[in-house]
Amino acid sequence: MEMDREKQREELDTFLRISPYFQMLLEDTKAELASFFSRRLFQDGNIIANTTELTSHVLFFLSGSAKASSVTSDGREVFHGLIGPGQVQGVVSALDNLPNMHQIQAVMVVDALAIELRDFRTLTETRKDFQEGINEFLADRFRYFATYKTRSAIFSSYEKVAQCIADLASGWYKVADGQPRDSVVYVTQQELSLMLGLSRQSVNKSLKRLEQVGLIEVGYSSIRIRDYLSLLKTVE
């Protein structure tokens with residue numbers, strides 16, 4: 001869906017307000033980036049990218065979420081992570097010109113801004129500030145996966161949920177750094193279950209416990225953080 005220039009810039013500004021990346025962009029770069037955008041909407045269950053075809057766009061998520069997963073030879077689904085608002089999908093494929101490493105499927109309706117691969121590559125080659133934002137995104141993604149691999153081996157379900165909520169307060173796919181961007185994170189129990197590879201029952205039990213000790217307040221599809229630093233230090 002094509003957008004006019006003013007609307008494109010408004011949508012970019014909306015993305016930048018919720019994203020931990022690209023805060024260093026200069027005004028000229030913002031104007032050029034916004035001019036490339038079109039709008040994409042993916043319904044729950046839609047496949048956004050797969051491992052057999054090169055995607056045509058890089059997506060900047062405004063709302064909704066999508067899961068990254070693989071299917072083993074025996075048909076078992078392996079979950080790798082969840083992509084949410086303020087995040088970008090398709091960067092690695094755009095840079096190496098290969099299909100996505102995982103299948104990406106919407107689990108809640110995804111509203112995103114899309115930029116064609118050739119335009120994305122042009123920006124990375126000609127705009128140093130945009131390249132810096134991409135580097136920051138890739139570094140965060142690497143740190144996120146490395147941290148979660150360690151947590152999955154040594155943390156209890158309760159600790160995983162606590163740390164995940166603290167991370168979300170810093171931005172999707174970011175490891176908490178002690179300086180939260182938000183006091184309320186908009187996430188469902190289903191999304192937490194997918195992100196952590198835990199059952200809904202286990203997530204629900206952990207949330208109730210965190211609420212009982214005064215660290216969070218659970219709302220409808222949201223969690224208000226009442227004591228971020230204590231949440232961040234939650235280790236049994």
Side-chain angles (χ1 to χ4, degrees), residues 18 41-50 61-72 74-87 89 101-112 141 144-176 180-228 230-236:
I18 61 176
L41 196 66
F42 301 90
Q43 300 298 324
D44 184 2
N46 285 173
I47 302 299
I48 295 175
N50 57 46
F61 278 46
L62 292 172
S63 63
S65 59
K67 64 177 178 178
S69 63
S70 301
V71 179
T72 64
D74 59 359
R76 182 171 56 89
E77 183 181 40
V78 179
F79 177 74
H80 299 291
L82 204 65
I83 304 168
Q87 287 291 326
Q89 194 281 318
M101 293 182 291
H102 311 300
Q103 176 173 281
I104 309 298
Q105 182 178 21
V107 294
M108 296 184 68
V109 176
V110 171
D111 187 4
R141 188 61 59 93
Y144 175 91
F145 279 120
T147 298
Y148 267 71
K149 183 177 181 180
T150 301
R151 290 178 183 174
S152 65
I154 63 176
F155 277 18
S156 68
S157 297
Y158 174 69
E159 291 167 339
K160 289 177 184 177
V161 171
Q163 294 298 307
C164 183
I165 295 170
D167 290 346
L168 288 172
S170 294
W172 291 74
Y173 270 114
K174 281 185 70 71
V175 177
R181 297 176 66 248
D182 302 294
S183 60
V184 178
V185 294
Y186 295 93
V187 64
T188 66
Q189 292 189 32
Q190 177 190 8
E191 288 176 316
L192 286 174
S193 176
L194 283 171
M195 292 180 76
L196 298 170
L198 299 173
S199 68
R200 286 281 299 274
Q201 292 84 353
S202 180
V203 169
N204 182 265
K205 181 179 179 180
S206 297
L207 289 174
K208 287 183 177 178
R209 184 175 168 191
L210 289 167
E211 194 168 35
Q212 288 171 352
V213 297
L215 301 186
I216 64 170
E217 180 181 338
V218 179
Y220 179 74
S221 298
S222 67
I223 298 171
R224 179 175 296 278
I225 299 172
R226 300 178 63 184
D227 189 340
Y228 173 82
S230 294
L231 186 70
L232 188 59
K233 297 175 183 177
T234 298
V235 178
E236 293 183 315

Using side chain to side chain contact (heavy atoms under 4.5 Å, CB included) as the criterion, list what pairs up with [X], not counting sequence neighbours.
X: R226; result: E217
X: E191; result: S65, L82, M108, W172, V187, T188
X: I18; result: P85
X: S183; result: R224

State, to 0.1 Å, how close [X] and [Y] come at their nearest heavy-atom pair, and which atoms those are.
X: A112; Y: F61; value: CB-CA, 4.2 Å
X: G214; Y: D227; value: O-CB, 4.4 Å
X: A166; Y: L231; value: N-CD2, 3.9 Å
X: I104; Y: A66; value: CG2-CB, 3.8 Å

Ring pair (Phe, Tyr, Trp, His ring centres under 6.0 Å) partners for Y144, two or more places apart: Y148, Y173

Q189 and N204 side chains, donor-acceptor separation under 3.5 Å: yes

Exam field: side chain Q105 to backbone I47, donor-acceptor pair closer than 3.5 Å: no

All salt bridge (charged side-chain N to carboxylate O under 4.0 Å, His left out) counterparts of D111, not counting sequence neighbours: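 With neighbours one apart ignored, the set is R39.
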
What's the separation between atom [atom1] in [X] and atom [atom2] in [Y], rounded to the nearest 0.5 Å?
X: I83; Y: Q89; atom1: CD1; atom2: CD; value: 5.0 Å
X: S206; Y: Y158; atom1: OG; atom2: OH; value: 8.0 Å
X: I216; Y: S222; atom1: CD1; atom2: OG; value: 10.0 Å
X: L207; Y: L192; atom1: CG; atom2: CG; value: 6.0 Å
X: L215; Y: I225; atom1: CG; atom2: CD1; value: 10.0 Å
X: T147; Y: F155; atom1: OG1; atom2: CZ; value: 9.5 Å

Side chains of [X] and [Y]: does their closest heavy-atom pair fall under 4.5 Å?
X: V109; Y: F42; value: no
X: Q190; Y: S193; value: no
X: R141; Y: Q87; value: yes

Throw together a table of side-chain donor-acceptor distances under 3.5 angstrom for residues 194-202, partners on residues two or more places apart or in other chains.
from : atom 1 : to   : atom 2 : distance (Å)
S199 : OG     : S202 : N      : 3.0
S202 : OG     : S157 : OG     : 3.3

Inter- and intrachain pairs under salt bridge (Lys or Arg N to Asp or Glu O under 4.0 Å), touching residues 144-157, at least two apart: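 Sorted result for residues 144-157: R151-D167.
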
Identify, with sequence neighbours excluded, every residue that meets side chain to side chain donor-acceptor pair (under 3.5 Å) alongside [X].
X: S69; result: E77
X: S70; result: H80, H102
X: Q163; result: none
X: N46; result: none

